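Taking it in order: structure first as structure tokens, then the write-up.
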Amino acid sequence: MQAKRLAALGLVLLMLVSIAGCAGTGNGKAKENPDTQADAARLEEQTGLTVVSVLVDLPMETKGNAPAGEVMQKTLRRMPGYMKDFMLKIEFIPPAYDGQERQIAMSRLRTEIMAGKGPDLLLCSQKLYGCYSSGEKDTPFFNFPAQAMENHLFLPLDEYMEKAEYLDMDSLQPVVMAAGRSEEGQQILPLAYTCRVTLFDREEYTPTAELPMTWEEMTEDSDPAIRFSSHQYLPNIIGELADYSKDEPAFTEEELRTWAGRSFATWQTIPENLREDQPLYLPIDLWMLDNCQVDLAGEREYTMIPCYNLSGGVTAEITAFGAINRNARRPEEAFRILDYLMDSEIQQSSPLFQSRISGIPVYTGTGNSDTPATSYWKMNEANYQAFTQVQEQINVANFPGPLDECLWMVESYNQEVLEKSCHEQYMLMKMYLAES
């Protein structure tokens, strides 16, 4: 049993990536033999301040954005004690376009954590498949955050949360937050999530059917707009993707063939004019909204129809989260930072959430009339109510990863292709889970 646990830990650590940053707010270059904790201790001797090492791997780490250290500095500048009692040592992960640097960084952090070291605070992202660029090197920091919890890589936070100054779990999306809990308690604090919806101009369309409904009911509905909304992202249709207690998919290959085939068959029933003039289908995400020229704070009001899952709810995708390394040398200070990031005002208007985190903050009031005027998440009342209705229907929350990519790659345009594609992707899912 011990050997299996060590093997599992090693495989999980293979999913980690990092690169050495520099103290304070800069970006720095990697050293040959960096040691995050030793560097932090030396910096403490030099400055007389407590040093918290923070690893940042966020999907909006793109060319032209402000450095990670600068974004963190602006976000924390009003936090009590920042740069007086403590400072940061930023560790950032090179984006996919930096090629082998990402792989080198992965080896470095794996070595550190295996040695019982590594950064204190982890700010990680999960990629939205089908939305951002994808490729062999464009992988999330953790492929399976749920398994990382089971393998004891994160520090349980319940005792820290009892003394939190800013964290108010009652004001956060409950199903999304629950995804960060294990038998040991809360280990992950999701920071942001998204739901994928089809947008219709409210003046032109309002559904007459009673919502929510199951996905199968959507495929059978007489309203072509609802059927159109059902032909979307397969992972969100399924909802629960894996049984991590058995390291197996939560469904059979036959079920996958049935669902993929049904989705394609439903598409054939969509009227030609609706296929040609397709409504917008996208995740509620700043980059995607901007790219599609959707302004939720503008005059236009939208009807939002999610693709309901098999059990009749909405599947949320967690796009960013924070966790504390179980080997952290400064866990209390790391939690103070994480606690501060859960503040409703920080979530709605800080540079970190405005420019580096995809998805919408977990604070359920995001976008309402109290949202700061400078926030990108400001919404008009109709759009806020429409999204609120969607987020209140969430019954599943997942951390996107390799399983989502497998399902995204399923093809179903004829029976032969359907069977071959489902078999290949299902076997790949089983392999990923067996190695997790």
Side-chain angles (χ1 to χ4, degrees), residues 8 11-12 15 126-130 134 140 142-150 175-176 178-182 193-196 212-221 227 229-267 281 283 306-318 393-436:
L11 287 166
V12 171
M15 304 167 192
Q126 301 300 120
K127 186 176 66 176
L128 291 176
Y129 291 91
S134 61
F142 290 100
N143 277 333
F144 297 99
Q147 286 297 77
M149 287 194 290
E150 296 300 324
V175 178
V176 172
R181 291 191 68 83
S182 71
Y193 69 100
T194 192
C195 302
R196 304 191 190 214
M213 60 176 64
T214 67
W215 174 71
E216 290 183 343
E217 290 171 337
M218 292 185 79
T219 66
E220 298 171 348
D221 199 90
R227 296 201 305 279
S229 302
S230 78
H231 180 74
Q232 303 301 346
Y233 191 58
L234 192 56
N236 288 359
I237 292 171
I238 297 171
E240 298 287 355
L241 302 185
D243 181 346
Y244 289 108
S245 66
K246 299 179 180 178
D247 292 333
E248 294 180 353
F251 49 88
T252 66
E253 183 180 336
E254 182 179 359
E255 287 175 320
L256 176 57
R257 282 199 307 273
T258 298
W259 298 328
R262 185 171 189 142
S263 181
F264 180 75
T266 300
W267 179 251
Y281 169 74
C307 180
Y308 292 106
N309 57 38
L310 294 168
S311 56
V314 172
T315 302
E317 298 170 77
I318 298 170
Q393 294 169 351
I394 293 172
N395 66 348
V396 177
N398 291 327
F399 296 93
L403 305 187
D404 299 71
E405 185 169 26
C406 290
L407 293 169
W408 180 47
M409 297 298 292
V410 168
E411 298 179 314
S412 55
Y413 52 85
N414 65 46
Q415 190 63 30
E416 181 180 355
V417 168
L418 172 67
E419 292 184 3
K420 182 175 184 294
S421 179
C422 285
H423 178 70
E424 289 176 350
Q425 297 305 322
Y426 191 80
M427 290 298 104
L428 191 56
M429 290 178 69
K430 292 186 70 173
M431 182 191 76
Y432 282 136
L433 287 169
E435 294 177 351
S436 68

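Since we're looking at a predicted model, the values are computed, not measured. Positions are given from 1 along the sequence.
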* To do: Mind checking ring-ring contact (aromatic ring centres under 6.0 Å, His included) for Y308 and listing every partner two or more places apart, or none if nothing turns up?
  =>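 Y308 satisfies ring-ring contact (aromatic ring centres under 6.0 Å, His included) with no residue once adjacent residues are dropped.
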About how many Å separate [atom2] of [Y] and [atom1] of [X], when rounded to the nearest 0.5 Å?
{"X": "N398", "Y": "L241", "atom1": "CG", "atom2": "CG", "value": "5.0 Å"}
{"X": "L310", "Y": "N236", "atom1": "CG", "atom2": "CG", "value": "11.0 Å"}
{"X": "L428", "Y": "Y426", "atom1": "CG", "atom2": "OH", "value": "12.5 Å"}
{"X": "L407", "Y": "S421", "atom1": "CG", "atom2": "OG", "value": "10.0 Å"}
{"X": "N395", "Y": "N309", "atom1": "CG", "atom2": "CG", "value": "4.5 Å"}
{"X": "M218", "Y": "S263", "atom1": "CE", "atom2": "OG", "value": "10.5 Å"}

* Asked: Can you list every pair that meets salt bridge (charged side-chain N to carboxylate O under 4.0 Å, His left out) and has a residue in residues 411-423, with sequence neighbours left out?
  ->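 Every salt bridge (charged side-chain N to carboxylate O under 4.0 Å, His left out) pair that includes a residue of residues 411-423, provided the two are not neighbours, is K420-E424.
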* Crowded around M213 CE? As in, over 12 foreign heavy atoms under 6.0 Å? ->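 Atom CE in M213 is crowded, with more than 12 foreign heavy atoms closer than 6.0 Å.
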* Are the side chains of L256 and L234 in touch, meaning some heavy atoms are under 4.5 Å apart? ->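 Answer yes - side chains close enough.
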* Asked: How are the rings of Y244 and F144 set relative to one another: parallel (under 30°), tilted (30 to 60°) or perpendicular (over 60°)?
  ->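 Taking F144 first and then Y244, their aromatic rings stand perpendicular (interplane angle over 60°).
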Test of understanding: with side chain to side chain contact (heavy atoms under 4.5 Å, CB included), list the residues that count as partners of [X], not counting sequence neighbours.
{"X": "Y281", "answer": "R196, T198, Q232, Y233"}
{"X": "E255", "answer": "F251, T252, W259"}
{"X": "V175", "answer": "Q173, I394, A397"}

* W215 side chain to I238 main-chain N or O, any donor-acceptor pair under 3.5 Å? ->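 Between the backbone of I238 and the side chain of W215 there is no qualifying donor-acceptor contact (under 3.5 Å).
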* Counting N and O atoms only, with roles assigned by atom type, does the side chain of Q126 sit under 3.5 Å from a partner on the main chain of P400, one being a donor and the other an acceptor? ->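 Indeed, once roles are kept as given, a pair shorter than 3.5 Å links the two residues.
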* **For R257, all residues meeting salt bridge (Lys or Arg N to Asp or Glu O under 4.0 Å), sequence neighbours excluded** =>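 Counting only residues at least two positions away or on another chain, R257 forms a salt bridge (Lys or Arg N to Asp or Glu O under 4.0 Å) with E253.
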Over all atoms of both residues, closest heavy-atom pair of [X] and [Y]:
{"X": "Y129", "Y": "G401", "result": "CE1-O, 3.2 Å"}
{"X": "M149", "Y": "A179", "result": "CE-O, 3.4 Å"}
{"X": "A260", "Y": "C422", "result": "CB-SG, 4.3 Å"}
{"X": "C307", "Y": "I237", "result": "SG-CG1, 3.4 Å"}
{"X": "S412", "Y": "L418", "result": "CB-CD1, 3.6 Å"}
{"X": "L128", "Y": "T194", "result": "CD2-CG2, 3.6 Å"}

* Is it true that the side chains of Q147 and D247 contain a donor and an acceptor less than 3.5 Å apart? ->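 Distance-only check passes for Q147 and D247.
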